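The structure displayed is predicted, hence computed values, not measured ones.
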Amino acid sequence: MSSCRAKDEDKMKCENDVNGHSFVSSSTSEEEDEFEDEDEAMQEQTEEYKEPGHVNKYEDATGAAQLPKTTQVVFEIQSGRSVPRLCEPRHLYGVSGHVSQTHSRWPKECVVIQEDIHHIEWTPPSPEPFCIPKSDEGPLYQNVEEGTLVYDAQAGKEYYFSGSRAGGNRSPLPQASIPLSGPDDTTLLFEGRFESGNLMSAHRIGQFDYELMLRTDLYTKKHTQWFYFRVRNMRAGVPYRFTITNLLKSTSLYEKGQKPLLYSEEKARASGVGWHRVGHDVSYYLNGRFHLDLPCFSLSWGFCFPYDQDTCYLAHCYPYTYTQLWEHLSEIERKPRLSSFCKIRTLCRSLAGNLVPVLTVTSPSEWEAAHKPAIVVTGRVHPGETNSSWVMKGIMDFLLSDTPDAKLLRDAFIFKLVPMLNPDGVIVGNYRCSLSGCDLNRSYSSNLTASFPTVHAMRTMVHRLCEEREVRMYCDLHGHSRKQNVFTYGCARAADNQLHERVFPFMLSKNCPDMFSFQTCKFKVQRSKGGTGRIALWKLGILNSFTLETSFCGSSIGQQKGTHFSMTDLENLGAHFCDTLLDYCDPDRTKYNMCIRELQDALRQETLLALASSQAEAPQSDDGSTSGSNSSDSDGPPAHLKALKMKRSIKSKKQRDCSCLVRQGEETPEEKKDGDVKGEGEYTLKPLRVPQHMLRRRKRDTPREPTDANTKMSVLYLVFDKEKGSMKSKSEYLRHLMSGYIRSRIQLGLGNSLSGLDLGPVQVCVQQEQSESSITPSSSITPSSSMSSGVPRKTNHGRWTSQV
C-alpha cells in the first residue's frame with residue numbers, strides 16, 4: 001500500500017511541476033514526516049479494530065490488493081448517475097485552509113524564535129496628541145566601547161538570498177541576550193528575532209539608558225527606519241531612555257511631534273489596552289557617526305514601563321504581519337455568506353516561496369460580468385509601511401459588509417485586492433526592499449522576472465484586465481515618514497491641462513476633511529519614478545493611477561489637528577476611499593462637474609500667484625521624494641547579481657564595433673593631455689590615431705633619421721559635424737574615413753579647384769613645417785615621420801597612397 005501511494009504522490013508531483021505549480025513538492029520534510037506518522041497511526045488503528053469479515057478499502061473481497069483512490073477525480077450525481085470529472089487544480093482554491101502552505105518561509109540562514117505573538121486591536125478613547133519635540137540638538141553619541149553589549153543578533157554572512165525554509169534555520173537557537181546574574185539584575189532582555197522584528201544590537205550605557213542599532217534591510221547596507229522589538233525584565237515607574245543610533249534620514253516626523261508605540265501584555269490582560277503612544281523628550285538629531293560615508297541620526301525618547309516583569313513591545317507604527325493577514329483571510333473564508341461574491345486566490349509565490357493572495361470581490365452576474373470596470377488596489381510593496389495594511393483592511397471590511405453602499409459597489413465594479421505584495425520583506429522585518437535587495441516599487445519595468453516575481457505577476461494581471469475590460473482606477477497604498485496627513489501622487493503630462501485625474505483626490509478631501517490634504521497632492525510623471533507601479537500602470541492606459549500616502553504620524557488639519565492616527569482612523573480611511581468611488585462614478589454628474597469648476601478656479605488662482613511671484617526666488621519643493629524615503633535612486637541589480645559581478649567587464653560585439661568611433665562631446669584623459677583643437681563654431685577637431693598593426697610595414701633602404709623634439713609633425717584631424725547622425729558600425733566609419741580622405745587629397749592637389757563642391761562632414765587640416773604653397777612631389781617628410789604621424793607618403797609619380 002505504501003509503495004503504491006508513493007508512486008501516486010510522485011506522479012502528482014511531476015504533474016504539478018510540469019504545470020508550473022509545485023504545491024505538493026513545496027512542503028518541508030518535517031511536514032512529510034508528520035503526514036507519514038499520521039498514516040502509520042491510522043493504519044495501526046485500523047488493524048487494531050479490524051473485525052472478522054471486514055474488507056480493507058485497498059483490498060477486494062478476495063483479498064487482492066488494489067490501487068488507492070486518486071484525488072484527481074471526483075464524482076457528481078447527475079440524474080441519479082455518478083458522473084466522474086477532474087477536480088480543479090489546487091491553486092484555484094482558497095489556500096488559507098492549507099496550513100502548510102501559509103506558514104511563513106524565512107531565508108534558511110535566519111534564526112527565529114518559535115513563539116506565537118498576538119496583539120489585540122484597541123482604539124484610544126480620545127485622540128493621542130503630538131509631543132512637544134526638543135528644540136535643542138541632542139548630545140553627540142556615546143562611545144559604545146564604554147557601554148556593555150546586552151543583546152547581539154548579528155545577521156548571517158550571506159550576501160544574497162540562496163534559499164528558504166519554513167520557520168527559518170533549524171539549528172539550536174543561540175542566546176542573543178546576556179544571562180542575568182540574579183533576581184536583582186535590572187538589565188533589560190531584548191529580542192527581535194521574530195516576524196517583522198529587526199533589532200540588531202543593544203548596549204547598556206547607563207543604569208537605565210540603552211543605545212540600540214537596527215538591522216538594515218536584508219542583503220543591503222541601507223534602509224533603517226522601521227523598528228519592532230521586545231523587552232523583558234523591566235521595572236515599573238523607572239525612567240528609561242532608548243536611543244536608536246543608526247538612522248539615515250536627514251528629516252523625520254519625530255521632529256514634528258511623533259511618538260513611538262508601546263504594547264504591554266500585562267496591560268492588555270488587565271485593562272484591554274493595546275498599542276498606545278508613549279515618550280517624552282523625543283528628539284531626532286545628527287549624532288556624528290557615519291555609515292557608507294553618510295551621516296547617521298539618532299532617535300531618543302524617555303518613558304516608563306507600566307508593570308514590573310512585564311513583556312512589552314515597541315514599534316515605529318502599528319505592526320501588521322504576514323500571519324495576521326492569513327488569520328484575517330481565514331476568517332473571511334469561514335463565512336459562507338461571503339463566498340458568493342469574494343474569492344481568494346493565489347497571485348503568485350514570492351522569492352522565498354510565500355503565497356501572495358489576491359481577492360476578487362464582485363456580485364455574481366453573468367451578462368454584466370464582461371462589462372464591469374475593474375478597480376485594482378495593492379498594498380505593502382514596502383514592508384515597513386504597515387499603516388497601508390490597516391487602510392487595506394478597512395477597504396476589505398467595507399466591501400465585504402452588508403451596507404447598501406458596499407452592495408452597490410460590488411454590483412458596479414470588479415475589485416482586485418492584493419493586500420501584501422512583498423511578504424518576504426514583511427516576514428524578515430525589512431523597511432523597503434525584498435529579498436532581492438532591491439525596492440520592488442522601482443522594478444515594475446524590469447525584465448528580471450525571476451528576481452521580482454510579485455510585481456511581474458501584478459503587472460501581468462493588470463495587463464490582462466486592460467485587455468478584457470476597462471480598469472477604472474489603480475491605487476497603491478503607502479506610508480510616508482516625512483509629511484503629515486493623507487495625500488496622493490497622481491500622473492499627468494506637463495502639457496496637459498485636463499483636470500480629470502485630480503477629481504478623485506479632490507472628492508476624497510471632501511469626504512475625509514480631517515485627514516486628507518489635497519494641497520499636498522502632486523501630479524507629475526518623473527523619469528526617476530518610471531519603475532513605480534503608479535507610472536508603469538498609468539502607461540498601460542489607466543488614467544486614474546494613484547499612490548495613496550498615509551503619514552506615520554497624524555493630522556495637521558481639521559478637527560484631528562495635532563493628533564496621531566489610530567488603527568480605527570486608518571480603517572476609516574479605507575471606508576472613505578470606497579465611499580468616494582461611489583461619488584466619482586455616480587451617473588448623476590453634479591458632484592463631478594462641481595469639482596471640475598472648483599479645480600479650474602483653484603488652478604487659475606495658482607497661475608496668477610505664480611505670475612506675480614515670478615521675479616522672486618522659487619522655493620524649493622520637497623516633492624522629490626514620493627514615498628518619504630531617500631531611496632529614489634535605483635538600488636542597482638539584485639543582490640545575487642552583484643555577488644556574481646565579474647572582475648573584468650566583457651564588451652558585446654556592438655560595443656566593440658562602436659569603440660573606434662569618436663563620440664561627440666566626449667573627452668578622454670589622453671585627449672585632454674594631447675590638447676584637442678576645438679573650432680569656434682559647431683565643429684570639433686579630434687586627432688586621428690591609426691593603430692600600429694594597421695600600418696603597412698616595409699623595409700627601409702635608408703636608416704631612420706633622428707627626429708628633433710621641436711620639429712612639428714604632420715597630424716591629420718577629423719572634423720565631425722555635431723548636427724549629423726552618428727555612425728553605427730566600423731565598416732561605415734572606414735568608408736566614411738577613406739572617402740573623405742581621398743576628396744581632401746584631391747582638393748589639395750588641384751589647388752582648391754574643387755572648393756565649390758560639397759565635401760561632406762569630413763575635412764582635412766594638414767599642419768606641415770613648410771608653407772602650404774611649397775608642396776611638391778619631392779617633399780622633405782621622412783618615412784619615419786610620415787609613418788609615425790599617419791600622413792600618407794607621396795610616390796615618384798606624384799600620386800598619393802594611404803598608409804591606412
Between the side chains of [X] and [Y], is a donor N or O closer than 3.5 angstrom to an acceptor N or O?
X      : Y      : value
Thr532 : Tyr489 : no
His478 : Glu385 : yes
Glu467 : His463 : yes
Arg380 : Ser389 : yes
Lys407 : Ser363 : no
Ser551 : Asn485 : no
Thr403 : Ser401 : yes
Thr520 : Ser517 : yes
Asp476 : Thr378 : yes
Asn422 : Ser434 : no

Item to complete: Applying ring pair (Phe, Tyr, Trp, His ring centres under 6.0 Å), run through His382 and Tyr431 and close with a yes or a no.
Response: CA-CA 6 Å; His382 292 153; Tyr431 172 62; 7.5 Å; no
Tell me if a side-chain donor or acceptor on [X] pairs with a main-chain N or O of [Y] at a distance below 3.5 Å.
X      : Y      : result
Asn430 : Gly425 : no
Arg345 : Pro357 : no
Asn354 : Asp424 : no
Asp514 : Gly558 : no
Ser339 : Lys335 : no

Would you say that more than 12 heavy atoms from the other residues, nucleotides or ligands in this model lie under 6.0 Å from the [atom1] of [X], or not?
X      : atom1 : value
Arg589 : CZ    : yes
Asn447 : CG    : no
Lys256 : NZ    : yes
Leu608 : CG    : yes

Discussion item. Are the side chains of Glu327 and His118 in contact, using a 4.5 Å heavy-atom criterion?
Written reply: yes
Show the nearest heavy-atom pair for residues [X] and [Y], with the distance to one decimal.
X      : Y      : result
Asn198 : Phe227 : OD1-CA, 3.3 Å
Thr321 : Glu195 : CB-OE2, 3.6 Å
Val282 : Gln258 : CG1-O, 3.8 Å
Val381 : Asn441 : CG2-N, 4.0 Å
Leu359 : Cys342 : CD2-SG, 4.1 Å

For [X], all residues meeting ring pair (Phe, Tyr, Trp, His ring centres under 6.0 Å), sequence neighbours excluded:
X      : value
Phe452 : none
Trp390 : Tyr320
Phe341 : none
Tyr318 : none

Discussion item. Check the orientation of His119 and Trp275. Use parallel for under 30°, tilted for 30 to 60°, and perpendicular for over 60°.
Written reply: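 It falls in the perpendicular class, over 60°.
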Under the side chain to side chain donor-acceptor pair (under 3.5 Å) test, residues paired with [X] that sit two or more places apart:
X      : result
Arg472 : Glu470
Thr360 : Lys416
Lys343 : none
Tyr254 : His316

Mind checking side chain to side chain contact (heavy atoms under 4.5 Å, CB included) for [X] and listing every partner two or more places apart, or none if nothing turns up?
X      : answer
Asp586 : Asp588
Thr580 : Phe504, Met507, Leu508, Asn511
Thr362 : Lys372, Ile414
Cys512 : Met515, Phe516, Leu573, His576

Fill in: salt bridge (Lys or Arg N to Asp or Glu O under 4.0 Å) assessment of Arg337 paired with Asp402
CA-CA 10 Å; Arg337 179 187 63 84; Asp402 294 329; 2.5 Å; yes
Discussion item. Walk me through whether Tyr444 and His456 qualify under ring pair (Phe, Tyr, Trp, His ring centres under 6.0 Å).
Written reply: CA-CA 7 Å; Tyr444 274 85; His456 172 70; over 10 Å; no
Worksheet item: Are Arg597 and Asp601 ion-paired here, with the side-chain N under 4.0 Å from a carboxylate O?
Response: no
